[in-house]
Amino acid sequence: MFIVNLFSEWDYIYDQKNLHDKEKVYLKGKDKIVPPFRFGVEDVATKMWFHKLAYPGQCLTNSHLDIIFYYLRKKGKYAKEPKVKFTTTDCLFFKTIHALYEKFIAQKKNLSLITAQHAIADYIRGRKMLCGSPWHLCDHVFFIIHMETESHWILGRLNIEERRVYMYNSLSTAMKDSAAIKACQPFAVLLPHFFALFDEFKKENKPVCLDPFEVVKVDGLPQQTSNDCGCFVASFAEYFIDMKPIPPIFDVEKHRDRLAVLFYKYARMKEVEFIDSEDEAPPKGPKKNLS
């Protein structure tokens, strides 16, 4: 695997062909990246971050998905001719909307909980994340969804015009699909009420419909055979953004290898060339008084 050769300087402790079967793959004290790689939304300070991204069967974390979806946002926002008008959310959005939904249901659908000052409203305005775009300028919004009881990642895609949330599940069974659709309900139920707070979502000055969005399962997707759901989620989103059909046969090792190499090479390039995009650069301090 190319990824092994690329990271050969990183002092693997075990035979390389068996790395993906091990939890601790680095010599003691050799797991740190100093200085950490800066990826805008988060710094990566351990080599295990890349190991978990590169090898099949490794569960991706919030950190992996937040960084991947941040760069998908950048790809769409700064493309000269984007194929799809979209934005993405992050793992915090999922936790925030689920927490609000639980409170909403517990308080018998108390609509006073839905305000223009809520964090969800800031996401919709495009203010909550780096490279965020106002949703009314997008056709699609991608959601990272974690089914905690199943320890499983799925992808949600809101088609704003259709008022539908499309659910992408790489581990499709009747039971898991039911749980996945349930995990999409906070988005389907609450977002219409948030949209009603903004004039940009009104058509011909008519009130925004408050009916829940329809949740639609996407069929015919390739299915995982190990703990690769995070990689499937990232790849499903990228296929849609690039307007490419999702193949029925999915080489998860190839996709993981590609992601790990891209992020490693990008981080090293930034490190060597001292490159920071404007939205990643640390805030400038106050100017010194030279008088």
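Since we're looking at a predicted model, the values are computed, not measured. Worth knowing before you read on, the calculation uses all heavy atoms, side chains too, and leaves out hydrogens, waters and symmetry mates.
Annotation: side chain of Tyr239 is not in contact with side chain of Pro245 (no heavy-atom distance under 4.5 Å). Side-chain contact between Tyr166 and Leu155 is absent, with no heavy-atom pair separated by less than 4.5 Å. In this structure, Ile246 and Pro222 have side chains that are in contact, with non-hydrogen atoms separated by less than 4.5 Å. By the 4.5 Å heavy-atom criterion applied to side chains, Phe198 and Arg125 are counted as neighbours. Using a 4.5 Å heavy-atom cutoff, the side chains of Leu111 and Phe104 are in contact. In this structure the side chain of Phe201 never reaches within 4.5 angstrom of the side chain of Phe194, judged on heavy atoms. Within the 4.5 Å cutoff, the side chain of Phe37 has no heavy atoms near those of the Phe263 side chain. Side-chain contact between Val165 and Glu214 is absent, with no heavy atoms from C-beta onward closer than 4.5 Å.
A salt bridge links Lys75 and Glu238; the closest N-O separation between the charged side-chain nitrogens and carboxylate oxygens is under 4.0 Å. Comment: Glu253 does not engage Arg258 in a salt bridge, judged by the lack of any side-chain N to carboxylate O separation of less than 4.0 angstrom.
Remark: Arg157 qualifies as a cation-pi partner of Phe240 under the 6.0 Å distance and 45° angle criteria applied to the six-membered ring. A cation-pi arrangement is absent between Arg164 and Phe213, since the terminal nitrogen or guanidinium carbon is not both under 6.0 Å from the aromatic centre and inside a 45° cone about the axis.
Aromatic ring pairs are classed by plane angle as parallel below 30°, tilted from 30° to 60° and perpendicular above 60°; the pair Tyr55 and His51 is tilted. Below 30°, between 30° and 60°, or above 60°: for Phe86 and Phe142 the angle between ring planes is above 60°, a perpendicular geometry.
For the pairing with Leu53, the side chain to side chain contact (heavy atoms under 4.5 Å, CB included) check across Asp257, Ile68, Val261 returns one residue only, Ile68. For the side chain to side chain contact (heavy atoms under 4.5 Å, CB included) criterion with Asp66, the lone passing option out of Thr89, Thr61, Thr88, Asp90 is Asp90.
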Problem - His152 vs Asn227, side chain to side chain donor-acceptor pair (under 3.5 Å): CA-CA, chis, key distance, verdict - result: CA-CA 8 Å; His152 178 57; Asn227 296 323; over 6 Å; no
